[in-house]
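For reference, the structure discussed in these notes is given below.
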2 protein chains.
Amino acid sequence: MTGIDGVARALGVSTATVSRALRGLPGVSAATRERVRAAAEELGYVPSSSAAHLASGRTMALGVLLPRIDEWYFAAALEGVDRALRAAGYDLVVFSLGGSGRNRERVFHRSMLRKRIDALLLMCLELTPQELAALQQLDYPNLTVGGYVEGLRNVGIDDDAAASEAVEHLVGLGHRKIAYLAGGDGHGVHFSVPSRREAAFRRTMRRHRLPVRPEWMIFGDFRFGAAKEAAARLLEAPGDRPTAVFASSDEMAFGVLAAAQEHGVPVPQELSVIGIDDHDFAAPLGLTTIRQDPREQGSFAAELLLAELQGAPPQPDPPWRPHELVIRRSTAPPQEKF
Amino acid sequence: MTGIDGVARALGVSTATVSRALRGLPGVSAATRERVRAAAEELGYVPSSSAAHLASGRTMALGVLLPRIDEWYFAAALEGVDRALRAAGYDLVVFSLGGSGRNRERVFHRSMLRKRIDALLLMCLELTPQELAALQQLDYPNLTVGGYVEGLRNVGIDDDAAASEAVEHLVGLGHRKIAYLAGGDGHGVHFSVPSRREAAFRRTMRRHRLPVRPEWMIFGDFRFGAAKEAAARLLEAPGDRPTAVFASSDEMAFGVLAAAQEHGVPVPQELSVIGIDDHDFAAPLGLTTIRQDPREQGSFAAELLLAELQGAPPQPDPPWRPHELVIRRSTAPPQEKF
DNA sequence: CTGTTAGCGCGTTCAC
DNA sequence: GTGAACGCGCTAACAG
């Protein structure tokens, strides 16, 4: 709990010298620097981030605002962010909306504004105009990851292309009767990814002159349980059945697989299933999917922000992060039934 | 970006009055208080947490140190912590070891020590004696959640009892040939939960005079893929086959279900499966399990720490958090084969 | 290469 | 009920 002057006094040098030595700034002889390091180590001295912030204007911390932590994409992206920050000596401050829109106001008008962070990452959120204004007023360097906000730069995959490639894969296999399993709005926290993917689905279907049947547009809220139930209803419905389902997330695709299994519908013989994500379970379950890498996206976004904090010119338009079709056992040509 | 004196000047009062009014301290007339509030709102004033920290000694932030963010238990517990903190106006600083032991040293000797937090939560970690000493020296109020560290208080379920009840359930159904699927050490970050559960398994088996067969003690590293492969090897092995598997986490139990399905082993007729967690997928998949609630555990732990920060006497020994057997479709009496 | 000094923006005594 | 002044622990600008 020693302060900087404790170290300084112990060595008979000034606090400025200690500060410079410890931060690797020039203007300190190698000998002094070593003595300072040793003394700091000895005394267990670590600078106070608050005092350093006050004096320097930098908090050495980055904030992440997200809808909730306990969801595959968010947790993985957060891990990626943290990895990048660690490498740069930054700390991570997390603001979760906790799955409800309730405390948005509080977050935007209290926590975030307490000058605890140097930059802000928004994860998969849509903002109201007021919130956007509040954000711009703070003028932290900021970035969106995995979502689109008008007027903010975004890091993530090209959801249009990704969804479109999924459909192309199915169509290429010969499918014409394709159902779409839509994701939700993040438990009360609207975001724009689901609508992009759905729009891409519709567009691609239209391009191939394939019908988009309303009863085959089902909703799974990005969750296993809900997706399984929706898929079960789809499979139980009388009349025509789709030969393929495009689930707009892997977790929902798993729900489709579970429903198909319970209904005795063999995959891929009678039903092809494709997802988006390449969730950890996808490979062992043999799910064909469009892979994305949230950890990489988080790291990439954090590094972009860190570079700007270190004076790099803001990159106006970050490149799409890669996605890739991974073909496994859950998709195959449709089996004609006469 | 106005400071406290901006507000003070705008009203012709002193900064002390502004500070008192905004924090709800006594000694301010209702009228002045309201004028201050209005002006602060108007000017968009929010106190700097760093300055407040320096002046008051409190950061109004809590730190969480965990092995990695992107795992079911950790992410959910973190969400619970965040919920409790939000309610109390605290911020959350996350230190992830990122799945490797590499940066432990850095975390313990730099980040954590930068006086950014008022208290620290350790999630599922084991500490070296040196680390424990470093921690005690910091003398933050601290707590372990979901893991056991000698000398620190722990919040979590009674893993002994939980694992034991799982075995009792199987034994009660008539199973005598029970395999155990062990979890790993958190990707290089040792922790003590796996060994507790395994010990409880062995003890309970012994109590019932049931054999613990080495070839039925398999390892799944707490992950779906690894668990599925281990279970597949178990099912393929020549000779006797267990009638039940106790997986020490739900995610691993899912791996067993997947392997059983691929090998045409019907669950629960020829194989009963039980897990621990009550993961989101457990109900839709019909998995019998021992439920725990990591969100609640996180909230509970955070509230304990917050109470102590507000002067409550430290609770020496937090009560076990509840767990509960949830019986679903994956367990049944063994089917005798003659 | 090193030391001195002046704040950073607040909370907190004391006075009044 | 209110204000003036001090200091939290550090960095940055300037002197030497």
Any idea which heavy atoms bring Phe95(B) and Gly63(B) closest together, and the distance? CE1-CA, 4.2 Å
Closest-nucleotide mapping onto DNA chain C: is Ala16(B) or Ser29(A) further toward the 5' terminus? I mean the 5' end. Ser29(A)
Would you say that more than 12 heavy atoms from the other residues, nucleotides or ligands in this model lie under 6.0 Å from the CD of Gln136(B), or not? yes
Arg321(A) to Phe300(A) six-membered ring, cation-pi geometry met (6.0 Å, 45°): yes
Separation of dG11(C) atom P from Met60(B) atom CE, nearest Å, is 11 Å
Interatomic distance, Arg114(B) CZ vs dC8(D) C1' [rounded to whole Å]: 18 Å
Go nucleotide by nucleotide along DNA chain D from the 5' end; which of Val13(B) and Thr15(A) gets its closest nucleotide reached first? Val13(B)
Kindly say if Thr17(B) contacts the phosphate of dG3(D), meaning a side-chain N or O under 4.0 Å from OP1 or OP2. yes
Would Asp82(A) and Arg68(B) pass as an ion pair if we require N to O under 4.0 Å? no
Could you list, one pair per line, each protein nitrogen or oxygen that sits under 3.5 Å from a nitrogen or oxygen of nucleotides 7-10 of chain C, together with the distance?
from: dC8(C); atom 1: O2; to: Leu54(A); atom 2: O; distance (Å): 3.3
from: dC8(C); atom 1: O2; to: Ala55(A); atom 2: N; distance (Å): 3.3
from: dG9(C); atom 1: N2; to: Ala51(B); atom 2: O; distance (Å): 3.4
from: dC10(C); atom 1: OP2; to: Ile4(B); atom 2: N; distance (Å): 2.7
from: dC10(C); atom 1: O5'; to: Tyr45(B); atom 2: OH; distance (Å): 3.4

Atom CZ of Arg35(A) and atom P of dT2(C) are separated, to the nearest Å, by 9 Å
Check the distance between dT13(C)'s P and Arg20(B)'s CZ and give it to me in whole angstrom. 11 Å
Compare side-chain N and O positions of Ser14(B) against OP1 and OP2 of dT2(D) and report whether any pair is under 4.0 Å apart. no
Scan Gly12(A) against the nucleic acid and name what it touches under 4.0 Å (heavy atoms): base, sugar-phosphate only, or nothing. sugar-phosphate
Arg33(B) side chain N/O closer than 4.0 Å to the phosphate oxygens (OP1, OP2) of dT2(D)? no
Scan side-chain atoms only and decide if Thr59(B) and Asp118(B) contain a donor-acceptor pair under the 3.5 Å cut-off. yes
side-chain contact (heavy atoms from CB on, under 4.5 Å) with Asn142(A): of Val149(A), Leu122(A), Leu135(A), Leu65(A), only one passes, and it is Leu135(A)
